[in-house]
Amino acid sequence: MSIEDPAKPSPRLRRSPEAAKENILAAAEALLVEQGPQSLKLVDVATRAGVVNATVLHHFGSIDGVQTALMERMVRQLVEKVLETTTPTGDPVAMAGIGMTAMFDAFEGKGAARLAAWLELTGESRRLTLVREAVREVVETRISQRVPVPAEILEDFMLVCITMALGAGLFGATLEGLLGKPAGRARELALALLLSRAELATAG
């Protein structure tokens, strides 16, 4: 029976480029959720991912590239979840409710709202261009097929949904505490308003 030399470095784990990128983005997302967007620094992300700085740079070019890719990953996951939304009766209002709930979950639970706000405050909101394509994809491939409403109005509705989800994700908990409201009240009220608007739109 051989005994491994503790001083000998362990063999480096070889990953495919796709797996390596996913590993880095998963590490960045964990840091974002735990510590906020200010923690998304090259050395911190590399350390959390268990790789050297050069590996992160090789796959993303810079820490800015990591931040952009992370935001795009979160948006893509949200779009996929919305596109997979189904209801037993095919009710468009019920479908909208599930999709909006998924959106609020994403902005509250994964730190997407904080990352988006941080990019905006640091003058880097131009890196959020995927949001435009994501909204159009949801409208064109999902909502417009079930709701007889012009695409422009649907996009306006999505704009309000995203704005309210961002607001709840950033300030909901703080304002609830300041105003003595129960946790989750901001989200509850926002979803109720959005659903009532969706009901009016489909009824018309």
Side-chain heavy-atom pair [X], [Y] within 4.5 angstrom cut-off:
X	Y	answer
Ile162	Leu166	yes
Thr55	His59	yes
Glu108	Met103	no
Lys21	Phe60	yes
Gln67	Asp64	yes

Please give me the minimum heavy-atom distance between [X] and [Y], naming the atom from each residue.
X	Y	answer
Leu32	Pro37	CD1-N, 3.6 Å
Ala183	Glu176	CA-OE1, 3.5 Å
Ala112	Ala106	CB-O, 3.7 Å
Ala46	Asn53	CB-OD1, 3.3 Å
Leu25	Val66	CD2-O, 3.9 Å
Val33	Arg114	O-NH2, 3.3 Å

Run the side chain to side chain contact (heavy atoms under 4.5 Å, CB included) check on Leu170 and Phe107 step by step: do they pass?
CA-CA 8 Å; Leu170 284 172; Phe107 283 120; over 6 Å; no
Does the pair Arg187/Asp105 count as a salt bridge with the N-to-O cut at 4.0 Å?
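Salt bridge present between Arg187 and Asp105.
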Can we say Arg185 and Glu188 salt-bridge, meaning some charged N sits less than 4.0 Å from an Asp/Glu carboxylate O?
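Between Glu188 and Arg185 there is a salt bridge, with a charged N closer than 4.0 Å to a carboxylate O.
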Check for a donor-acceptor pair, side chain of Thr122 on one end and backbone N or O of Leu119 on the other, with a separation under 3.5 Å.
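Confirmed, Thr122 side chain pairs with Leu119 backbone.
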Applying side chain to side chain contact (heavy atoms under 4.5 Å, CB included) to Asp44 and Leu40, what does each step give before you reach the verdict?
CA-CA 7 Å; Asp44 296 327; Leu40 297 179; over 6 Å; no
Linking I/L/V/M/F/W/Y whenever any side-chain heavy atoms sit under 4.5 Å apart, do Val43 and Ile24 land together?
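Cluster IDs for Val43 and Ile24 differ.
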